[in-house]
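First comes the structure, then the notes that go with it.
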Amino acid sequence: MKDGNKEARATSDRFSTGLGVLMATLGSAVGLGNIWKFPYLTGSNGGAAFLIIYIICTILVGYPIMIAEHALGRKGRSDAFSTFRKLAPKSIWWIIGAMGILAAFLIMAFYTEVAGWVFAYVFKSFGSGLLSTDPQVTTSVFTSLVTNPLQSLIWQWIVLIVVGAIIIMGVTKGIEGTTKKLLPILAILLIIIGIRSITLPNSVEGLTFLFKPDFSKITATTILTALGLAFFKLSIGMGAMLTYGSYYGDNQNIPVNAARVVAADLTVSILAGIAIFPAVFSFGFEPAAGTQLLFITIPSVFASMPFGKFFMVLFFLLTSFAAIGAMISLVEVVVAYLVNSLGMARNKATFATMGGMAVFGSLAALSNSTLSAVKVFGFTFFDFYDFTTSNILLPVGGLLLAIFTAWVWGWNKFNATTSNEGAIANAGITRVVFTILKFVTPILVAIILLTGLKIIQF
Ligand code: TRP
């Protein structure tokens with residue numbers, strides 16, 4: 001961080017300071033994954049035991065892969081696709097980048113829809129219809145939004161337009177500027193909501209659910225879901241962190257930065273859990289309500305606190321900013337590829353990407369209305385995108401990334417990059433990370449994938 005200022009003037013498409021790098025990376029990691037997905041999956045998968053498995057996956061798989069992506073990205077200084085062409089010419093490892101581009105489209109397809117709900121809730125929060133502790137009331141507000149095809153589409157397009165506009169403004173200004181200031185405010189707000197939630201009657205039940213593990217509910221599918229969440233949460237397994245790594249200055253400390261990102265990200269998720277679960281049990285909501293959990297339960301906390309309406313507007317506003325930061329990193333994977341590898345102009349690349357995402361996305365947006373009867377492998381489009389990206393594409397991408405880094409790129413190059421060519425004496429810790437990448441991550445991910453998808457059974 002001490003060298004940050006020098007970096008600031010180095011080049012316009014690098015993140016300018018050490019703090020900027022941390023905040024921009026956090027801007028990608030922190031998003032709907034923390035506020036919407038983490039609570040809904042924890043609620044549907046039995047609570048604390050799921051949380052523990054998720055944390056183990058984050059440490060043994062998430063952290064090492066994040067370091068690998070940052071190192072590869074900074075070394076390659078290009079998009080996810082051509083970085084592999086550069087680092088391993090005449091091989092097929094570019095397939096990781098290609099899979100990543102596909103994953104970016106599929107994630108954005110449902111992510112923009114959830115972000116659309118959040119945008120809509122900013123406006124709904126001004127009215128009084130939402131401010132209720134009655135599950136029936138809050139559920140019907142949500143249902144009337146998602147079953148309306150036109151509203152679903154329009155909110156999604158608004159999201160796409162906002163994200164596209166920010167991307168066109170360029171890397172440093174667009175990404176760093178947007179995310180830097182807002183995350184700390186979101187964290188403070190979550191603490192305030194959390195305090196209200198745990199002081200509600202019977203809140204203990206919610207805290208017990210979140211923190212007292214009952215491993216009897218854990219199955220191979222649950223473990224795969226926890227692993228998928230670890231990938232999704234940290235934005236790894238598809239080249240988003242690799243693309244961000246390509247904007248890192250040569251003097252930034254990759255392992256330390258990644259550790260801070262992982263810790264801060266986990267903190268935000270747990271704060272979101274503390275804000276939601278005590279209220280779920282206090283007011284008699286269903287913890288396993290699925291994708292609607294956040295939207296139906298969080299208004300009840302605001303309904304029972306002073307200045308509830310004000311805090312609710314602020315909450316959905318900040319959540320939409322967090323979602324924007326995350327979406328920028330997804331779109332950036334595709335745009336960086338079109339610009340660097342295909343030589344497209346940045347504006348054109350952004351338009352093309354957003355257009356493609358609108359096409360995939362509209363199928364997800366209509367999943368609760370017009371297309372609710374259309375199933376892909378038994379899933380609606382929304383659930384299909386959500387499931388296949390987290391539980392298949394990202395883990396497979398991560399598996400390949402770990403194998404590439406440890407077995408193809410190798411210790412010497414990994415060590416040179418993560419130690420900033422010897423400037424930082426961190427070979428002890430990076431040795432551990434490398435060994436995990438080489439043996440633990442691939443084997444663990446492979447076993448969890450194969451058993452979770454029921455390809456092998458014990
Ligand atoms: N991590 C983000 C979240 O939790 C989502 C996200 C952004 C993402 N970029 C990604 C997930 C790349 C996977 C890959 O909301």
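On a predicted model such as this, the values are computed, not experimentally measured, just so you know. Residues take their numbers from the sequence shown, with the count starting at 1. For ligands, and for the atoms within them, numbers begin at 1 and follow the listed sequence. Heavy-atom basis, side chains included; hydrogens, waters and symmetry copies ignored.
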Would you check the N or O atoms of Leu32, main chain and side chain alike, for any that come under 3.5 Å of an N or O of ligand 1? yes

Can you list the ligand 1 atoms lying under 4.0 Å from a non-hydrogen atom of Ala240? 12 (C)

Using the ring of each side chain (for Trp, its six-membered ring), is Trp407 parallel, tilted or perpendicular to Phe439, with breaks at 30° and 60°? perpendicular

Do any N/O atoms on Phe232 end up under 3.5 angstrom from N/O atoms on ligand 1? yes

Return the closest protein heavy atom for atom 14 (C) of ligand 1 as residue, atom name and distance. Met238 SD, 3.2 Å

Separation between CD1 (Ile101) and CG (Asp79), nearest 0.5 Å, reads 6.5 Å

Students should be able to answer this: which protein heavy-atom is nearest to atom 15 (O) of ligand 1, and at what distance? Tyr111 OH, 2.4 Å

Tell me the protein heavy atom at minimum distance from atom 4 (O) of ligand 1, and give that distance in Å. Lys233 NZ, 2.4 Å

Does Ala29, backbone or side chain, put an N or O under 3.5 Å from an N or O of ligand 1? yes

Anything under 30° is parallel, anything over 60° is perpendicular, the rest tilted; go ahead and classify Phe295 against Phe316. parallel

Ranked by distance from atom 8 (C) of ligand 1, the top protein heavy atom is Ser235 OG, 3.5 Å

Less than 6.0 Å separating the ring centroids of Phe382 and Trp117? yes

Please assess Glu113 against Tyr385 for the test side-chain hydrogen bond (donor to acceptor under 3.5 Å, both in side chains), listing each intermediate value before the final yes or no. CA-CA 12 Å; Glu113 185 51 23; Tyr385 293 145; over 6 Å; no

Within a distance under 4.0 Å of any heavy atom of Gly33, pick out the atoms of ligand 1 and give their elements. 3 (C), 4 (O), 15 (O)

Check contact between Trp36 and ligand 1, using heavy atoms of the residue and a distance below 4.0 angstrom. no

Test of ring centre spacing under 6.0 Å for Phe38 and Tyr54: yes

Where is the nearest protein heavy atom to atom 9 (N) of ligand 1: which residue, which atom, and how far? Ser329 OG, 3.0 Å

Applying the ring-ring contact (aromatic ring centres under 6.0 Å, His included) test to Phe302, which of Phe315, Phe310, Phe311 qualifies? Phe315

Please classify the Ile107 to ligand 1 contact at 4.0 Å (heavy-atom distances, strictly less than): side chain, backbone, both or neither. side chain

Return the orientation label for the Phe277 and Phe209 ring planes: parallel under 30°, perpendicular over 60°, tilted otherwise. tilted

